[in-house]
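Atom set for the values below is all heavy atoms of this structure, side chains included, hydrogens, waters and symmetry mates excluded.
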Amino acid sequence: MNFIVTPQKKLWLAIAVSALGYFVDVYDIVLFSVLRVPSLKSLSLSDEQITTVGLFLINLQLLGMLIGGLVWGALGDKRGRLSVLFGSIILYSTANLANAFVTNVEQYAVLRFIAGFGLAGELGAAITLVSELMSKEKRGYGTTIITTAGVFGGVAGGLVGNLFSWQTAYIIGGCAGFVLLFLRFRITESALFTRIKSHEKIKKGSLWFFIKSPKLLLKYIKCLFIGVPFWIFVGLFLSLSPEIGKALGILTPISAGWTILFFNIGLGLGDMSSGLLSQFWGSRKKVVACFLLLSLVSSLLILSFRDISAERFYCFCILCGFGAGYWAVFNMIATEQFGTNFRATVAVSLPNFVRGMAVPASLILGLLKPQLGILWGVGSIMTASLVLALISLHSLEETFARTLEFVEN
């Protein structure tokens, strides 16, 4: 199988380091969900405060990702994909280490925002770089490897969060990031970006130019809606799984760590399956549609459960994870939709805007919870987001094997 569009070692090094980077990225994102309860308990918060403050910290982290996505994305198109990969990992690794030494909620809040800002640059820059290095027929394999590695980061976060103290878990993540930083010095920049870098007449990473173009903006919004359901599952369902378990009448307390672990097992299988299917079928849209429909079935199933066992709940988490495994193909669609001068802007910011949509989702949940309860509140938000995603997907162009050597004017 011929993947080579650059010297083989450089290409595989870029894929390997990008995959490891996303591993550490997801480890950190997942880790807070796992450590939310024990870390906040150590700060002497009550059970009710843990839920409220936990959601506040999640929203702050997501806000950091939202702002960071815009900054890192524009920087990736103006200065290069590598500048984002270096800067982001330095920032979130430092914040990760510092999280282990917080003594109050205020410190925790500042560091979760900084960590979110740093994490924002990782995935989009990695996928942009690898996609531009690979041939158009085979680049789906590179993205699949990267996103699947991220799943293992989620599994590692679940395991480490359950097996070690919350301080140790954060220290492990920070140290892993700094080790990865040294590997990145051997990666080369994308040739597609290098060819347009010196062209002053080509607008690169200009947010104003992007916003004032109705065509580009509408396409961006459609891509955004396709990705939203993934983060509704991750940002709400997984983080609030202990509370959801109580609402389902599960006698054994549900652990967020084990929920995330089983979800990520399904997600890993889903990411691999969706990526390989998109190559086999020669279509991104067909695969995403199938996985969105499966997620819709999962979100409706949760509303029918009553007095189930913890084991059955964790098995259900595997199914939810598999359905959410269209994340790999979603990122390919976003990367392939836009020209080289705005590709990083989109690929970096879009996953973070998707993550950021958990903020209004959590606010909506706060409004729905008193009337519907947490179970029907989360289920309703999941279902609505999936229906909107299917409608948006239908109106987008197929991008499989599209050349990436073009610019937006």
TODO: May I ask you to decide if G80's main-chain N or O and S83's side chain share a donor-acceptor pair within less than 3.5 Å?
DONE: yes
Task: Check: S295 side chain, G323 main-chain N or O, donor-acceptor pair, under 3.5 Å - done: yes
Open item on the list: Looking at L367, I'd like to know if its CG atom is crowded, meaning that more than 12 non-hydrogen atoms belonging to other residues, nucleotides or ligands lie closer than 6.0 Å.
Closed with: yes
TODO: Would you please name every residue forming a side chain to side chain contact (heavy atoms under 4.5 Å, CB included) with V24, sequence neighbours left out?
DONE: Y92, A176, L180
- [ ] Over all heavy atoms of both residues, which pair between A120 and N352 is shortest? Give the atoms and the distance, please.
- [x] O-ND2, 2.7 Å
TODO: Kindly give the heavy-atom pair with the smallest separation between I232 and A361, and that separation in Å.
DONE: CD1-CB, 3.5 Å
Open item on the list: Could you measure the distance from the CD atom of E189 to the CG atom of L85? Nearest 0.5 Å is fine.
Closed with: 8.5 Å
- [ ] Report yes if the distance between the aromatic ring centroids of F152 and F23 is under 6.0 Å, otherwise no.
- [x] no
- [ ] Measure from the side-chain N and O atoms of R139 to the backbone N and O of M134, and report whether any donor-acceptor pair falls under 3.5 Å.
- [x] no
- [ ] Decide whether R284 and S278 meet the rule of one side-chain donor and one side-chain acceptor closer than 3.5 Å.
- [x] yes
Task: Presence of salt bridge, R112 and D28, under 4.0 angstrom - done: yes
TODO: Describe, in one word, how the ring planes of W72 and F117 are oriented to each other, choosing from parallel (under 30°), tilted (30 to 60°) and perpendicular (over 60°).
DONE: tilted
Task: Side chain S274, main chain D271, donor-acceptor under 3.5 Å - done: yes
Task: Residues T399 and R402: side-chain donor-acceptor under 3.5 angstrom - done: no
Task: Validation row, ring centre Y314 to ring centre F263 under 6.0 Å - done: no
Task: Closest approach of L294 to L319 (non-hydrogen atoms, all atoms of both residues) - done: CD1-CD1, 4.0 Å
- [ ] May I ask you to decide if the ring planes of F316 and F313 are parallel, tilted or perpendicular, using 30° and 60° as cut-offs?
- [x] tilted
Open item on the list: Looking at every heavy atom in both S385 and P229, which two are closest together, and how far apart are they?
Closed with: O-CG, 3.4 Å
Open item on the list: Tell me whether Q107 contacts the main-chain N or O of A109 through its side chain, where contact means a donor paired with an acceptor under 3.5 Å.
Closed with: no
- [ ] Please check if any side-chain donor atom of T345 sits under 3.5 Å from a side-chain acceptor atom of D77, or the reverse.
- [x] yes
Task: Nearest non-hydrogen partners of G245 and I254, listed with the distance - done: CA-CG1, 3.9 Å
TODO: Just say parallel, tilted or perpendicular for the rings of Y326 and F230, cut-offs at 30° and 60°.
DONE: perpendicular
TODO: Output yes when R36 and E243 qualify as a salt bridge under the 4.0 Å nitrogen-oxygen rule, no when they do not.
DONE: yes
TODO: Take L248 and L375, measure what side chain to side chain contact (heavy atoms under 4.5 Å, CB included) needs, and give me the verdict at the end.
DONE: CA-CA 8 Å; L248 290 171; L375 186 60; 3.5 Å; yes
Task: L11 CG to K138 NZ distance, which is reported to the nearest 0.5 Å - done: 13.0 Å
- [ ] Kindly indicate, with the supporting measurements, whether the criterion side chain to side chain contact (heavy atoms under 4.5 Å, CB included) is fulfilled by K203 and V407.
- [x] CA-CA 9 Å; K203 295 285 186 181; V407 295; over 6 Å; no
Task: L20 side, atom CG; E122 side, atom CD - distance, nearest 0.5 Å - done: 9.5 Å
Task: E398-S283 side chain donor-acceptor pair, cut-off 3.5 Å - done: yes
Open item on the list: Does F56, at its CZ atom, have more than 12 non-hydrogen atoms belonging to other residues, nucleotides or ligands within less than 6.0 Å?
Closed with: no
Open item on the list: I'd like to know if the side chain of S190 reaches the main chain of V130, judged simply by a donor and an acceptor atom lying under 3.5 Å from each other, with no hydrogens or angles considered.
Closed with: no
TODO: Applying ring pair (Phe, Tyr, Trp, His ring centres under 6.0 Å), name anything that partners F291, two or more places apart in sequence or on another chain.
DONE: F322
Task: Aromatic contact, F32 with Y108 (centres under 6.0 Å) - done: yes
Task: Ionic contact status for E132 with R81, cut-off 4.0 Å - done: yes
Open item on the list: Which label fits F237 and F233: parallel for a plane angle under 30°, tilted from 30 to 60°, or perpendicular past 60°?
Closed with: perpendicular
Open item on the list: Tell me if a side-chain donor or acceptor on E137 pairs with a main-chain N or O of A401 at a distance below 3.5 Å.
Closed with: no
Task: Distance under 6.0 Å and angle within 45° of ring axis: K219 vs F338 - done: yes
Open item on the list: Can you tell me if K78 has over 12 outside heavy atoms packed within less than 6.0 Å of its NZ?
Closed with: yes
Task: Between Q49 and T52, a side-chain donor and acceptor under 3.5 Å - done: no
Open item on the list: Is a donor from one side chain sitting under 3.5 angstrom from an acceptor on the other, for T168 and S165?
Closed with: yes
- [ ] Enter the distance from M65:CE to L60:CG here, rounded to the nearest 0.5 Å.
- [x] 12.0 Å
Task: Minimal non-hydrogen separation, T144 against G275, with atom names - done: OG1-CA, 3.2 Å
